Amino acid sequence: MIEKIIEWSAHNRFLVLFAYLVITGFGIYSVINLPVDAIPDLSENQVIIFTEWMGRSPEVIENQVTFPIVSGLQGLPDVKAVRANSMFGMSFVFVIFDDNTDIYFARTRVLERLNTIQAQLPGGVVPSIGPDGTGVGHVYWYTVEGKNYDLGTLRSIQDWYIRYKLSAVEGVAEVASIGGFVRQYQVDIDPDKLRAYNLSTSEISRWKNN
């Protein structure tokens with residue numbers, strides 16, 4: 001059998017060379033266009049729902065925020081499990097979908113269901129879904145440093161300039177800020193001036209909210 005192959009190849013050298021070139025070219029093309037994952041993404045296909053209600057205990061968060069969200073998300077198509085975690089002032093709900101479910105289909109279904117759940121939550125509590133990324137997609141850390149800049153100024157530079165520039169880069173799902181001092185604005189009320197203008201603190205609070 002081998003002798004016949006060798007004999008046929010010797011008499012058809014042009015076809016052998018052509019087949020060799022075709023196979024070599026296809027191999028080079030496949031190597032160039034082969035998608036390579038340095039770290040394969042083995043995480044679950046999930047949508048994370050984050051809800052913040054600061055100043056409330058984990059028990060209150062569980063009863064008034066986490067439970068209504070988890071109950072409302074039951075029965076979604078292609079959902080394997082709904083997990084939740086309640087902590088001080090925050091609630092996390094993890095909706096685990098089947099592995100073959102499109103992530104954007106899953107996020108759309110969750111958003112639609114959250115619109116109906118919103119009416120069951122306390123006033124001012126608005127749940128939001130996390131970015132369309134996984135833990136494996138957390139690929140880059142950086143620090144913002146500068147001489148003669150305090151931590152509050154550096155955090156403001158990160159939040160108002162760097163973060164927006166990086167978020168505009170293709171393929172970036174989220175830019176999370178950690179550390180530094182978040183700038184806050186505090187209003188001090190002078191009781192004497194309130195009495196002079198015949199105002200109360202509740203009136204000032206209503207004016208601020210409007």
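Starting from 1, each residue takes its place in the sequence as its number. Because the structure is a prediction, the values reported are computed rather than measured. Values reported hereafter were calculated over all heavy atoms of this structure, with side chains retained and with hydrogens, waters and symmetry mates removed.
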Student: With distance as the sole criterion, is a donor-acceptor pair present between the side chains of Q158 and Y142 under 3.5 Å?
Tutor: yes
Student: Counting distance only, does the side-chain N/O of E203 pair as donor-acceptor with the main-chain N or O of S200 below 3.5 Å?
Tutor: yes
Student: With a 4.5 Å limit on heavy-atom distance, are the side chains of L73 and I49 in contact?
Tutor: yes
Student: State whether a side-chain donor-acceptor pair under 3.5 Å links S57 with E59.
Tutor: no
Student: Answer yes or no: are there more than 12 heavy-atom neighbours, outside E3 itself, under 6.0 Å from its atom CD?
Tutor: no
Student: Please say yes or no: joined through hydrophobic side-chain contacts below 4.5 Å, possibly via intermediate residues, are F67 and M90 part of one cluster?
Tutor: no
Student: Can you name the nearest heavy-atom pair linking I61 to R56, along with the distance?
Tutor: CD1-CB, 3.9 Å
Student: For the residue pair I117 and P127, establish whether any side-chain heavy-atom pair is separated by less than 4.5 Å.
Tutor: no
Student: So, taking the atom named CG in N85 and the one named OG1 in T66, what distance separates them when rounded to the nearest 0.5 Å?
Tutor: 8.0 Å
Student: When you check the side-chain N and O atoms of S86 and S91, is any donor under 3.5 Å from an acceptor?
Tutor: no
Student: Kindly compute the distance separating CG (D150) from OG1 (T153), expressed to the nearest 0.5 Å.
Tutor: 3.5 Å
Student: With rounding to the nearest 0.5 angstrom, report the CD1 to CZ distance, I23 to F18.
Tutor: 10.5 Å
Student: Please verify the inter-ring angle class for Y164 with W160; under 30° counts as parallel, over 60° as perpendicular, anything in between as tilted.
Tutor: tilted
Student: Rounded to the nearest 0.5 Å, what's the gap from OG1 on T201 to CD1 on I189? Could you check?
Tutor: 6.0 Å
Student: Mind checking whether V93 and T51 have side chains closer than 4.5 Å, heavy atoms only?
Tutor: no
Student: Would you mind reporting whether F94 and Q46 have side-chain heavy atoms less than 4.5 Å apart?
Tutor: yes
Student: Between T24 and Y20 (side chain of the first, backbone of the second, donor and acceptor by atom type, cut-off under 3.5 Å), is there such a pair?
Tutor: yes
Student: Can you measure from CZ (R109) to CZ (R107) and round to the nearest 0.5 angstrom?
Tutor: 13.0 Å
Student: Should F92 and V95 be counted in the same cluster of Ile, Leu, Val, Met, Phe, Trp and Tyr side chains packed under 4.5 Å apart?
Tutor: no
Student: For the pair K80 and D99, evaluate side chain to side chain contact (heavy atoms under 4.5 Å, CB included) and give the outcome as yes or no after the intermediate values.
Tutor: CA-CA 9 Å; K80 294 194 299 184; D99 293 336; 4.0 Å; yes
Student: Mind running side chain to side chain contact (heavy atoms under 4.5 Å, CB included) on L121 and Q64 for me, showing each step along the way?
Tutor: CA-CA 7 Å; L121 301 178; Q64 300 190 33; over 6 Å; no
Student: Side-chain heavy atoms under 4.5 angstrom apart, residues restricted to Ile, Leu, Val, Met, Phe, Trp, Tyr: same cluster for V169 and Y140?
Tutor: yes
Student: Count the heavy atoms of every other residue, nucleotide or ligand shown that sit under 6.0 Å from CG of D190, and state whether that count exceeds 12.
Tutor: yes
Student: Decide side chain to side chain contact (heavy atoms under 4.5 Å, CB included) for V144 and I162; before the verdict, give the C-alpha distance in whole Å, the side-chain angles of both, and the deciding distance to 0.1 Å.
Tutor: CA-CA 9 Å; V144 181; I162 301 177; 3.7 Å; yes
Student: Are V82 and I48 connected in a single hydrophobic cluster, I mean Ile/Leu/Val/Met/Phe/Trp/Tyr linked by side-chain heavy atoms less than 4.5 Å apart?
Tutor: no
Student: Before giving the answer on side chain to side chain contact (heavy atoms under 4.5 Å, CB included), spell out for E112 and T108 the whole-Å C-alpha distance, their side-chain angles and the decisive distance to 0.1 Å.
Tutor: CA-CA 6 Å; E112 291 176 352; T108 302; 3.8 Å; yes
Student: Tell me whether V126 shares a hydrophobic cluster with I69, the cluster being built from Ile, Leu, Val, Met, Phe, Trp, Tyr side chains joined at under 4.5 Å.
Tutor: no
Student: Do you know the tightest heavy-atom contact between R163 and V175?
Tutor: CD-O, 3.5 Å
Student: Do S177 and D159 have side-chain atoms, one donor and one acceptor, less than 3.5 Å apart?
Tutor: yes
Student: Could you tell me the separation between the CZ atom of F97 and the CG atom of D78, rounded to the nearest 0.5 Å?
Tutor: 7.5 Å
Student: Have T101 and D98 got a donor and an acceptor in their side chains that come within less than 3.5 Å?
Tutor: no
Student: Does CZ in F105 sit with more than 12 non-hydrogen atoms of other residues, nucleotides or ligands closer than 6.0 Å?
Tutor: yes
Student: Quick one: which of N115, T116, V110 gives a side-chain contact (heavy atoms from CB on, under 4.5 Å) with R113?
Tutor: T116
Student: Is it the case that atom CZ in F50 sees more than 12 heavy atoms from other parts of the structure closer than 6.0 Å?
Tutor: yes
